[in-house]
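A short write-up of the structure that comes next.
By convention in this document, chain letters (A, B, ...) are assigned in the order of the sequence lines, proteins followed by strands, and residues within each chain are numbered from 1.
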Amino acid sequence: MDYIMNVIDILLERGFIEQTTHDEELRRYADKEQITCYIGFDPTASSLHIGSLVPIMSLAHMQRLGHRPIALVGGGTGLVGDPSGKTEMRQLLTSEMVEENEQGIKKQLSRFIDFSDDRALMLNNADWLTKLEYIPFLRDVGRHFSVNRMIKAESYKIRLESDEGLNFIEFNYMLLQAYDFLELYNTHNCRLQMGGSDQWGNIVAGVELIRRMRQETVFGVTFPLITTSGGAKMGKTASGAVWLAEDRTSSYDYYQYWINTDDRDVERFMALFTFLPMEEIRDIGKLDGSDLNSAKIVLAFETTLLAHGKDKAEKAYQKSASHFGARSISRDILPSSRIHTELQTDLQVSVKDDVAVNDDFATVDIVDSYVDEIELKAGIPAFKLFHTVGLTSSSSAARRLIQQGGAYINDERVKSFDQLINDDYLDEEETIVLRAGKKRFHKIKIIK
RNA sequence: GGUGGGGUUCCCGAGUGGUCAAAGGGAACAGACUGUAAAUCUGUCGGCGAAGCCUUCGGAGGUUCAAAUCCUCCCCCCACCA
C-alpha cells in the first residue's frame with residue numbers, strides 16, 4: 001500500500017461512496033492531480049444538521065489529502081427548489097433568507113474545513129445563476145437536454161408519478177445544477193461533484209453537459225443515504241433535526257444523540273463521522289455490550305469535538321457522566337482518540353451511589369432555569385413545575401408522566417401529581433434536579 | 001375554463017346526523033426488562049388545578065334539540081378533458 005492512500009479509496013473504505021461515474025478514471029485522476037471538487041449545500045436553514053455531515057466529512061477528507069474542496073451554497077438554486085427525493089414541492093426561499101443562512105453555514109463548515117488562503121472555497125451559485133438570461137440559456141444549455149431523458153430520471157420519477165405533480169420551476173432544477181458544475185469547471189477547473197444519492201441525476205447531467213460543451217471528462221460521486229439501523233433518517237429525532245449550531249442543538253444534546261447510537265451503527269458511524277484510523281475502528285466489531293458503550297462515548301466525544309470544540313465536548317462528557325454514571329474507558333478502545341489524552345477516562349469515578357464522586361463532575365452541571373425563592377417556599381405542585389420547566393408540553397402531560405411513575409425529583413420518584421415542591425428539596429447548592437423518564441434532566445436553581 | 005375525486009387530531013388513514021376527543025396503524029412518551037442500545041410486554045397519547053367544561057375534522061356562514069357528517073359560498077390539492 002502506498003504511503004498515502006488515494007482519497008477515493010479512503011472514502012470508499014469509510015463508507016462514503018455509493019456510486020461513481022467513472023470508477024477507474026477517477027481513481028487515476030485522484031492519484032495524479034490535486035482535485036478540485038464541490039458539493040452543494042442548500043441554504044434552507046441557517047444551520048446544517050447531522051444529515052449534512054457525510055458531505056461535510058467527505059470534503060474534509062478531501063482537504064486533508066491535499067485536494068481543494070468547494071462548498072457551494074445554493075443561493076440561486078434555493079430560489080428554485082430541488083424536487084429530488086422530495087414528495088412535495090418545497091417552500092421557496094427569499095434572497096434575504098438565503099443570505100442569512102449562508103453565513104451560518106459557513107461558520108459551521110469552518111469547523112471541519114479550513115477556508116484560509118483559498119485552501120477551500122465557499123461560493124454561492126446565486127452569483128452566476130441570477131444573472132442568466134432566459135433565451136441565451138435555453139440556446140446554450142437547454143438544447144443539450146432531452147426532456148425524454150429527464151422525465152426518466154429517478155429524481156423526477158417520484159414526483160411525476162405522485163399526486164403532487166412536478167412544477168415547471170422544479171423541472172428546471174437539473175439544468176441549473178448542471179450549469180453550476182459547468183461554471184465551476186470553467187472558473188476553478190473543478191472536475192468532481194459529490195452529493196447525496198438523490199443527486200445522481202443532477203450530477204450526471206452536469207457531467208454530460210461538460211462533455212458536450214467542453215469535450216472534457218469530469219466526475220461524479222454520490223454518497224449513500226445514511227439511515228440508522230432502526231430505519232430512521234440520520235439526525236432526525238422526535239423533537240426535530242439534530243443541528244450543528246449550538247443555539248439549536250446544545251452540545252450536550254448533540255453528544256447525547258451520538259451516545260444513543262444503535263449498537264449496530266457504532267462502527268459504521270465511527271468510520272463516517274470521525275477521523276479515527278480504520279484499523280482501530282474495525283476492532284469495534286469485536287466489542288461486547290459494555291465495551292461497546294465505551295466506544296459510543298468515544299464516538300460522542302469525537303463527533304462533539306469536531307462540531308463544537310474540545311471544551312464543549314469535555315463538558316458534555318462530564319455532564320453525561322454525572323447524570324448516568326461515569327465509566328472507565330480502556331485505552332485499548334480507539335487508542336488514537338483524543339479522549340484518552342484530553343480526559344481522565346481511566347479514572348475510576350463513581351457511579352451514582354458510590355461515595356467518591358469526582359469533584360470535577362459536580363461543578364459541571366449547568367443550571368437550566370431559575371425559580372424565585374418566595375414562590376418556591378410557598379410550594380409548587382409537581383405537575384406544574386414539570387410543565388413550566390418545559391419537561392412536558394402541557395400540565396396534563398405532566399400529570400400523566402407523574403401518574404405513570406416517570407417523574408423524578410432529586411432522583412426520587414414523584415408520588416402524586418400535586419405533590420408540593422418547596423425549599424425542602426433544595427440541595428447544598430440550592431438546586432433541584434428534575435428528571436422525566438431516564439434521560440431528560442432539568443436543573444433549577446433558586447433565585448433570591 | 002369544464003368534469004370528477006379530495007382536504008380528519010404529529011404522520012398515514014377510518015368515520016356520511018347523536019353511542020365522536022373521533023377506529024386502526026405508525027411515530028412519540030412513560031413503566032417493566034436492560035447497557036443512556038436493540039427487541040419484547042404494559043400503559044399513555046387535544047386542553048384545563050380533572051368535576052365537568054372548553055377547543056379540534058380546509059375557511060366562513062346556515063339547517064337542526066344535536067354537525068367531522070346535511071346545505072350555501074369561498075380557499076387549496078389532484079386527475080382527466082380543453
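- Closest approach to the A/Lys296 side chain among B/rA38, B/rG35, B/rG43 is made by B/rG35 (side chain taken as heavy atoms from C-beta onward).
- Listed nucleotides B/rA38, B/rA30, B/rU34 differ in distance to A/Arg264; the shortest reach to its side chain belongs to B/rA38.
- In this structure, A/Asp291 atom CG and B/rA37 atom P are separated by 17 Å, rounded to whole Å.
- Using a 4.0 Å heavy-atom cutoff across all strands shown, A/Ala407 reaches no nucleic acid atom at all.
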Which atom pairs link the protein and nucleotides 49-52 of chain B when you take only N or O atoms and keep those under 3.5 Å?
residue, atom, partner, partner atom, Å
B/rG49, OP2, A/Ser395, OG, 3.2
B/rG49, O4', A/Arg399, NH2, 3.1
B/rA50, N6, A/Ser396, OG, 2.6

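- The side chain to side chain donor-acceptor pair (under 3.5 Å) check on A/Ser396 picks up nothing, with sequence neighbours excluded.
- Under the 3.5 Å distance criterion, with hydrogens and angles disregarded, no donor-acceptor pair is assigned to the side chains of A/Thr228 and A/Asp262.
- A/Val73 approaches A/Asn124 most closely through the heavy-atom pair O-OD1, 3.2 Å.
- In this model, the phosphate group of B/rG47 is approached by a side-chain N or O of A/Ser394 to a distance below 4.0 Å at OP1 or OP2.
- Relative orientation of the A/Trp258 and A/Phe269 rings is perpendicular, given thresholds of 30° and 60° on the angle between their planes.
- B/rU8 and B/rC78 have their P atoms separated by 15 Å, given to the nearest Å.
- Not one side-chain nitrogen or oxygen of A/Ser229 sits closer than 4.0 Å to the OP1 or OP2 atom of B/rA38.
- Pairing for B/rA68 is absent, with no Watson-Crick or G-U wobble pair whose two atom distances lie under 3.5 Å.
- Taking the side chain to side chain donor-acceptor pair (under 3.5 Å) definition, one finds that A/Asn410 meets it with nothing, sequence neighbours left out.
- B/rG24: Watson-Crick or G-U partner is B/rC12, with both key distances under 3.5 Å.
- If you find the closest nucleotide of RNA chain B to A/His387 and to A/Gly406, the one lying nearer the 5' end belongs to A/Gly406.
- Evaluation of the salt bridge (Lys or Arg N to Asp or Glu O under 4.0 Å) test over residues 127-146 of chain A, restricted to residues two or more places apart or in two chains, returns none.
- Only the P atoms considered, B/rU42 is 37 Å distant from B/rG6, to the nearest whole Å.
- Base pairing of B/rA30: its partner is B/rU42, meeting the Watson-Crick or G-U wobble criterion (both donor-acceptor distances under 3.5 Å).
- Partner assigned to B/rU3 is B/rA79, using Watson-Crick or G-U wobble distances below 3.5 angstrom.
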Ignoring hydrogens and angles, write down the donor-acceptor pairs under 3.5 Å from the side chains of residues 385-392 of chain A, residues two or more places apart or on other chains.
residue, atom, partner, partner atom, Å
A/Thr388, OG1, A/Lys384, O, 2.9
A/Thr388, OG1, A/Leu385, O, 3.1
A/Thr392, OG1, A/Ser394, O, 3.1

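- Spacing between B/rG43 and B/rG24 at atom P, rounded to whole Å, works out to 12 Å.
- The gap from the P atom of B/rC45 to that of B/rC20 amounts to 16 Å, rounded to the nearest Å.
- Regarding A/Ile297, its CD1 atom lies at a distance of 11 Å from the C1' atom of B/rG35, rounded to whole Å.
- Separating the CG atom of A/Asn260 from the C1' atom of B/rA39 is a distance of 16 Å, rounded to the nearest angstrom.
- The separation between A/Gln403 atom CD and B/rA30 atom P is 16 Å, rounded to whole Å.
- Nucleotides B/rU72 and B/rU56 have their C1' atoms positioned 23 Å apart, rounded to a whole Å.
- Screening residues 38-64 of chain A for ring pair (Phe, Tyr, Trp, His ring centres under 6.0 Å) gives A/Phe16-A/His61, A/Tyr38-A/Phe181, A/His49-A/Trp243, A/His61-A/Phe275 as the qualifying pairs, with residues at least two apart or on separate chains.
- Rounded to an integer number of Å, the gap from CG of A/Leu391 to C1' of B/rA30 is 13 Å.
- The nucleotide whose nearest atom lies closest to any side-chain atom of A/Ile259 is, among B/rG35, B/rC29, B/rU36, B/rU36.
- Going from atom NZ of A/Lys415 over to atom P of B/rG31 covers 15 Å, rounded to whole Å.
- Computed from coordinates, the A/Asp263 CG to B/rA37 C1' distance equals 4 Å when rounded to whole Å.
- Checking the phosphate oxygens (OP1, OP2) of B/rA37, a side-chain nitrogen or oxygen of A/Lys439 falls inside 4.0 Å.
- Rounded to a whole angstrom, the distance from the C1' atom of B/rG1 to that of B/rC53 is 50 Å.
- If you find the closest nucleotide of RNA chain B to A/Tyr255 and to A/Gly405, the one lying nearer the 5' end belongs to A/Gly405.
- Taking the P atom of each, B/rC71 and B/rG4 are spaced 15 Å apart, rounded to whole Å.
- Between A/Ile402 atom CD1 and B/rU44 atom P there is a gap of 17 Å when expressed in whole angstrom units.
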Requested in this report: Take A/Glu102 and A/Lys106 through the salt bridge (charged side-chain N to carboxylate O under 4.0 Å, His left out) test and state the conclusion after the steps.
Outcome: CA-CA 6 Å; A/Glu102 184 180 353; A/Lys106 179 155 193 178; over 6 Å; no
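- At the phosphate of B/rA37, neither OP1 nor OP2 sits under 4.0 Å from any side-chain N or O atom of A/Tyr257.
- Checked by distance alone, A/Gln256 brings a side-chain donor or acceptor within 3.5 Å of a matching partner on the base of B/rU36.
- No side-chain donor-acceptor contact under 3.5 Å links A/Arg14 to the backbone of A/Leu272.
- Remark: B/rG52 base-pairs with B/rC48; criterion is Watson-Crick or G-U wobble with both hydrogen-bond distances under 3.5 Å.
- When the P atom is compared between B/rU16 and B/rC10, the two are found 22 Å apart, to the nearest whole Å.
- Across all strands shown, B/rG59 is found opposite B/rC73 as a Watson-Crick or G-U wobble partner, with both distances under 3.5 Å.
- Within 3.5 Å, a donor on the side chain of A/Gln404 pairs with an acceptor on the base of B/rG43, or the reverse.
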